[in-house]
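Sharing a structure below in structure tokens format, with a few things to ask.
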Amino acid sequence: MPSMGPDLTVTVKLFATLRGIAPEGANPNGFPMTLPAGSTVRDLAERLGIPPADWKATFRNHVRCAHADALQEGDVVAFIPPIAGG
Amino acid sequence: MAKILRVDMSELSVTVQHLPSDAHPTGGRRFTSGLVAREVPPLCHPLGPANKLVFAPGWLGGTGAPCSGRLSVGAKSPLTGTIKESNAGGNGANALARLGIAGIVVEGAPPDGRLRLLRLGPESARLEEADDLRGLGNYDTVARLQERSSGAISCVSIGPAGEMKLAAAGIAVTDEEMRPTRYAGRGGMGAVMGSKGLKAIVVDNEHGERPASANLPAFREASARFARSLRAHAVTGQALPTYGTNVLANILNEAGAYPTRNFSAGQFEGVSAISGETQRDTIIARGGVPTHACHKGCTIRCSRIYHDANGEYLTKGPEYETIWAHGADCGIDDLDAIARMDRLDDDLGLDTIEMGATIGVAMAAGVIPFGDAEGAIRLLEEVRAGSPLGRIIGSGAEAAGKVFGVVNVPVVKGQAIPAYDPRAVKGIGVTYATSTMGADHTAGYAVAQNILSVGGEVDPLKPDGQAALSRTLQIATALIDSTGLCLFVAFAVLDDPEAFPAIVDMTNAHLGLALDAEALTALGAEVLRAEREFNTRAGFGPQHDRLPAFFAEEPLPPHNVVFDVPAEELDAVHGS
């Protein structure tokens with residue numbers, strides 16, 4: 001769980017079917033969210049209300065990351081539902 | 001018993017052979033690559049009379065199995081000099097299978113240089129004069145063919161690019177709306193068709209019958225099981241029908257692997273304007289069709305219909321690869337301009353990947369600036385005019401790179417690299433390097449595991465495990481391409497343990513065989529081996545299984561990585 005310290009702000013991106021869960025008025029291609037220091041990728045997903053079945057992969061600063069990874073101030077976090085193409 | 005049609009363009013004759021009963025399971029890529037490997041002299045000129053152009057539905061073609069309507073096209077490629085298998089959706093394969101046709105082998109070359117068409121009915125197969133169609137685009141060609149036909153037809157045709165025997169020419173197949181939008185695009189198969197003087201194949205799509213299954217109840221049970229698997233999987237049941245293939249644009253851009261401005265960066269600042277999400281919103285706002293099946297019996301329905309700003313039909317919804325090639329790779333963020341180029345490519349009969357990559361190379365040379373959408377459209381119009389510049393563009397990225405003195409030319413074995421930078425998706429880089437086809441993402445789609453977490457996870461930025469991943473995928477792909485199933489079923493097959501047994505059971509029930517999963521998979525390896533042997537005899541060796549040098553030398557932003565899978569690992573992919 002989040003530890004003591006100043007809040008941190010990250011940029012969230014929601015693609016494809018996850019677009020719909022962006023907060024009212026937020027641009028799903030990138031909007032800020034503030035969380036308590038020490039928050040993880042999973043904490044952020046829970047705050048956003050991403051259904052586990054719709055969450056396939058996550059990119060943090062353009063690199064695939066784990067759910068348990070701690071977030072840092074200024075991170076860009078993109079949530080990817082199950083998709084493919086090509 | 002299924003028929004093989006031998007179409008001799010030198011003698012202007014059609015001969016019917018019967019597929020030997022012990023040939024099964026054969027179809028699709030196993031049929032086309034097998035025939036080319038057996039009968040085409042590997043050192044022949046691809047546009048000469050010794051080359052053979054082969055068409056085949058898969059062994060599940062015409063049966064009604066979900067997504068089983070792929071048409072395989074094979075020959076020696078004028079673009080790569082290797083064996084080539086390119087396959088397309090549309091209604092052509094099912095129509096052929098329902099006429100009892102297992103394969104068409106087009107041989108020789110016309111003595112008089114005239115154009116002809118091949119007309120196929122339930123009891124007939126004949127060549128007809130078609131020189132009046134010379135120079136027509138695919139859209140007008142199909143319209144004329146409908147005028148001179150009675151009843152429902154399906155068309156397989158070439159445009160002016162194929163007639164000019166340009167190495168980037170593809171072969172169009174009509175879709176449900178009789179539009180020439182589905183393509184065997186890659187490797188210059190349209191040029192081979194042009195060299196045979198064959199403008200089109202017109203297939204009766206009304207009077208055929210479903211090929212008989214050895215055990216119809218068992219087939220139906222397995223087919224229903226397979227359909228359930230496709231519907232239940234999040235990718236084949238929801239994501240692809242909703243957004244189509246271009247849903248990948250934002251994702252690959254986010255991963256830093258979206259090749260931009262001739263592979264000079266991994267992210268495009270204009271991506272949101274050309275993303276799958278924007279494309280879907282645009283299509284719906286204009287009254288287009290956001291979810292559409294490219295052939296009857298497709299349950300995934302990932303194609304779309306794109307309207308212009310006035311709400312009029314412009315083209316099918318351009319695919320991810322097309323939007324990337326004509327978009328990010330050329331620095332163009334105008335979806336309507338990209339759609340116009342897609343329409344031009346379809347009409348002229350050109351591979352959209354090769355064209356976008358070629359224009360990107362021309363932009364790198366300064367022929368026109370990056371971002372110049374109208375200039376790019378003018379270059380495609382030059383192809384239609386058959387001007388020297390147009391013929392250079394229509395000959396592909398490697399040719400354009402040589403003519404214009406460009407160093408960073410993104411090709412493997414002469415074929416343009418598609419929409420995933422191999423430095424940041426190293427698994428697909430292995431496939432580009434080692435595929436029997438030249439750079440081809442569909443030959444072993446490691447993007448699934450590298451980026452999308454479908455079928456497992458392999459870190460895209462590290463070289464570890466990529467060669468083994470690519471090898472497994474290349475074998476599985478060669479099998480899927482032989483069944484006639486769309487490769488997109490693989491997303492369900494990779495995740496759902498019920499899906500592959502359903503394919504095995506459909507195969508056995510339809511053909512009266514008793515193969516197990518291992519035996520069927522071995523067929524995929526056998527197809528690859530035959531293709532590989534052809535390429536060896538055509539002069540290709542390990543030194544050709546490499547990416548262009550700049551991928552190992554120039555780091556790709558934002559990750560600043562190079563392609564670093566060791567050469568010995570590339571050489572081990574096919575066990576040589």
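Chain letters run A, B, ... following the sequence lines, proteins first, then strands; residues in each count from 1.
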Report summary line: Whatever's closer than 4.5 Å to a heavy atom in chain A on B:Ala255 counts as both

Query raised in the report: Is it the side chain or the backbone of B:Leu240 that comes within 4.5 Å of chain A heavy atoms, both, or neither?
Result: side chain

Requested in this report: List for me each residue that meets ring-ring contact (aromatic ring centres under 6.0 Å, His included) alongside B:Phe488, sequence neighbours excluded, and say none if there are none.
Outcome: B:Phe491

**Report entry** Structural part of B:Val447 lying under 4.5 Å from a heavy atom of chain A
**Finding:** neither

Query raised in the report: Nearest 0.5 Å, what's the CZ-CD1 distance between A:Phe59 and B:Ile251?
Result: 7.5 Å

Show me the donor-acceptor pairs under 3.5 Å between chain B and chain A.
unit_1: B:Tyr243; atom_1: OH; unit_2: A:Ala16; atom_2: O; d: 3.1
unit_1: B:Glu254; atom_1: O; unit_2: A:His62; atom_2: ND1; d: 2.8
unit_1: B:Glu254; atom_1: OE1; unit_2: A:Lys13; atom_2: NZ; d: 2.9
unit_1: B:Glu254; atom_1: OE2; unit_2: A:His62; atom_2: ND1; d: 3.4
unit_1: B:Gln267; atom_1: NE2; unit_2: A:His62; atom_2: ND1; d: 3.2
unit_1: B:Glu277; atom_1: OE2; unit_2: A:Ala16; atom_2: N; d: 2.8
unit_1: B:Asp281; atom_1: OD1; unit_2: A:Arg19; atom_2: NH2; d: 3.3
unit_1: B:Asp281; atom_1: OD2; unit_2: A:Arg19; atom_2: NH1; d: 3.1
unit_1: B:Tyr445; atom_1: OH; unit_2: A:Gly85; atom_2: O; d: 3.4
unit_1: B:Gln449; atom_1: O; unit_2: A:Arg64; atom_2: NH1; d: 3.2
unit_1: B:Asn450; atom_1: O; unit_2: A:Arg64; atom_2: NH1; d: 3.1
unit_1: B:Ser453; atom_1: O; unit_2: A:Lys56; atom_2: NZ; d: 3.3
unit_1: B:Ser453; atom_1: OG; unit_2: A:Arg64; atom_2: NH1; d: 3.4
unit_1: B:His559; atom_1: NE2; unit_2: A:His62; atom_2: O; d: 3.2

Report summary line: dist B:Leu248:CG -> A:Ile83:CD1 (nearest 0.5 Å) comes out at 5.0 Å

Query raised in the report: Heavy-atom distance under 4.5 Å to chain A: side chain of B:Ile451, backbone, both or neither?
Result: both

Query raised in the report: What are the two closest non-hydrogen atoms of B:Val235 and A:Ala84, and how far apart are they?
Result: CG1-CB, 3.6 Å

**Report entry** Heavy-atom pair of closest approach, residues B:Ala234 and A:Pro82
**Finding:** CB-CB, 3.6 Å

